[in-house]
Amino acid sequence: MGVRYSGFRVIAEALTGHKGWKPVWRDPEPKPDYDYIIVGGGGHGLATAYYLARQFGQSRIAVLEKGYLGGGNVGRNTTIIRSNYLLDGNEPFYEFSLKLWEGLEQDFNYNAMVSQRGIINLIHTDAQRDAFTRRANAMILHGADAEMLSREQVRSMYPWLNFDNARFPIKGALMQPRGGTVRHDAVAWGYARGADMRGVDLIQNCEVTGMRIDNGRILGVETTRGYIGAKKVGVAVAGSSSRVMAHAGLRLPIESHVLQAFVSEGLKPLIDGVMTFGAGHFYVSQSDKGGLVFGGDIDGYNSYAQRGNLPVIEDVAEGGMALMPAIGRVRLLRAWGGIMDMSMDGSPIIDRTGIEGLYFNGGWCYGGFKATPASGWCFAHLLARDEPHPTARAYRFDRFLRGLMIDEKGQGATPNLH
Ligand SMILES: Cc1cc2nc3c(=O)[nH]c(=O)nc-3n(C[C@H](O)[C@H](O)[C@H](O)COP(=O)(O)OP(=O)(O)OC[C@H]3O[C@@H](n4cnc5c(N)ncnc54)[C@H](O)[C@@H]3O)c2cc1C
């Protein structure tokens, strides 16, 4: 068992030169076989391993990660958590996730800087106010929190917004006070540490390059560190979903696209919550160091590159300027991209496959960070009990076949619009 963190421990280490801190997870050699192999050491894979061990009492678990833990989207996102969804298939799941975020730091004894600073979605037309009111009602019916703000209430929060923009006047907002941000890579580290403390082998620099399948059943995976056998294999590789599942001969209703994020130079406190522009794709929050953290649309073409293109940067900057003309002279310090697993209806998949012992978790689009705790919990439930968790029942492969799409945005089967 690793060291338990506490205020007392921090003070004791401060007085003794911080010499007592140890690495927070081991670096084990892969064993010849496991009961469970989780492919992908991102947030979802690590959370799955953690809950398999802690919640479902399972052991002999390994997480195989081709790079380093947290090097994927879990460490590249804009850190927003919320449960402001409309549809029955989604809202209970994301509310379950938000409730797990609320107790997460105590649960895995790690400071993930969960900050429920509130999120507002700006309203620019009367029709949009109707749509957001409907959404707020759906949220409240599912036990989430939601408030409709008037234009004057928004103005009292952020007087510097461009309320009278001729094309996109601000008419109010939908607010979820319990939404907010979480330090993204600390989530990966917290789950990794918690899983390691419960005996999970976290194996980095171990890419899955093939799957051994016999008679419709998975036997194990080929990796860059040799063959590893497993009774059950759960794949949670986000943007690499199609590539990894192709090893099992499966084609997915998923495309990979780049999503970019941006951070400005440090500014004095300007925005204390999270805000989204309702007339374009732009959202923003301010980091604890003062940088504005913002993002927008995915790049519209398929790609596995973790960097994006200039037209989207321009589009995001235009959105930002329409809303916040004050940022016109602010300098951009950093920009990067992550590979998004865009599903055909914009909603995820947590399901068995037609191959016995092989399970899949993906299709998170650009909203999977907030889902990390619930995704891990529900995937662990599916792996351990072989039945879907009640809140993730709708996230099945066959919903496309059966016409039961969870099309939150109403954009149809067009991944680059979701
Ligand atoms: C710029 C950006 C902004 C975002 N903003 C938000 C946000 O504000 N809120 C929100 O909710 N979501 C957001 N997201 C989405 C969110 O980050 C993802 O949906 C989520 O992190 C995906 O799950 P993951 O953490 O498990 O993925 P990842 O961290 O990408 O984990 C997948 C892992 O699988 C590994 N892997 C791939 N192939 C193999 C293989 N063959 N063998 C072994 N390992 C393999 C990868 O190396 C990677 O580490 C954003 C994403 C990006 C890129």
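In listed order, ligands and their atoms are each counted from 1. As the structure is a computational prediction, the values presented were derived from the model and not from experiment.
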Under a 3.5 Å distance rule, please check whether [X] uses its side chain to pair with a backbone N or O of [Y] as donor and acceptor.
| X | Y | answer |
| --- | --- | --- |
| W364 | F369 | no |
| R26 | V200 | yes |
| R76 | G71 | yes |
| Y34 | V233 | no |
| H124 | G278 | yes |

Of the protein's non-hydrogen atoms, which lies at the shortest distance from [atom], and what is that distance?
| atom | answer |
| --- | --- |
| atom 22 (C) of ligand 1 | A238 CB, 3.8 Å |
| atom 25 (O) of ligand 1 | G43 N, 2.9 Å |
| atom 42 (N) of ligand 1 | V208 N, 2.9 Å |
| atom 50 (C) of ligand 1 | N77 CB, 3.1 Å |
| atom 5 (N) of ligand 1 | T78 OG1, 2.8 Å |
| atom 14 (N) of ligand 1 | Y366 O, 3.2 Å |
| atom 43 (C) of ligand 1 | K66 N, 3.3 Å |
| atom 47 (O) of ligand 1 | E65 OE2, 2.6 Å |

What I want to check is whether the side chains of [X] and [Y] have a donor and an acceptor closer together than 3.5 Å.
| X | Y | result |
| --- | --- | --- |
| T224 | N205 | no |
| N121 | T276 | yes |
| H142 | D88 | yes |
| N90 | Y395 | yes |
| Y158 | D272 | yes |

What I want to know is whether [X] and ligand 1 share at least one N or O pair that is separated by under 3.5 angstrom.
| X | value |
| --- | --- |
| A261 | no |
| I339 | no |
| G338 | no |

Sub-4.0 Å atoms of ligand 1 with respect to non-hydrogen atoms of [X]:
| X | result |
| --- | --- |
| W364 | 19 (O) |
| V39 | 42 (N), 43 (C) |
| Q260 | 1 (C) |
| C365 | 19 (O) |
| L64 | 43 (C), 44 (N) |
| K370 | 10 (C), 11 (O) |
| S240 | 37 (C), 38 (N) |
| T79 | 8 (O) |

Please examine the side chains of S59 and R198, heavy atoms only from C-beta on, and report whether any two atoms are closer than 4.5 Å.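 Heavy-atom side-chain distance check fails, nothing below 4.5 Å.
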Quick one: does [X] get within less than 4.0 Å of ligand 1, heavy atoms only?
| X | result |
| --- | --- |
| M340 | yes |
| C206 | yes |
| G367 | yes |

So between I38, N73, L69, whose heavy atom ends up nearest atom 30 (O) of ligand 1?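 Answer by nearest heavy atom: N73.
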Salt-bridged, D345 to K409, with N to O below 4.0 Å?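 Result for this pair is no, no salt bridge flagged.
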Basic-acidic side-chain contact under 4.0 Å: R178, D145: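 Looking at D145 together with R178, the answer is yes, because their closest N to O distance falls below 4.0 Å.
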Where's the contact between V244 and ligand 1, heavy-atom distance under 4.0 Å: side chain, backbone, both or neither?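 Side chain only; the backbone of V244 stays clear of ligand 1.
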Answer yes or no for R212 and Y227: cation-pi contact, defined as NZ/CZ to six-membered ring centre under 6.0 Å and angle to ring axis within 45°.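 So R212 does make the cation-pi contact.
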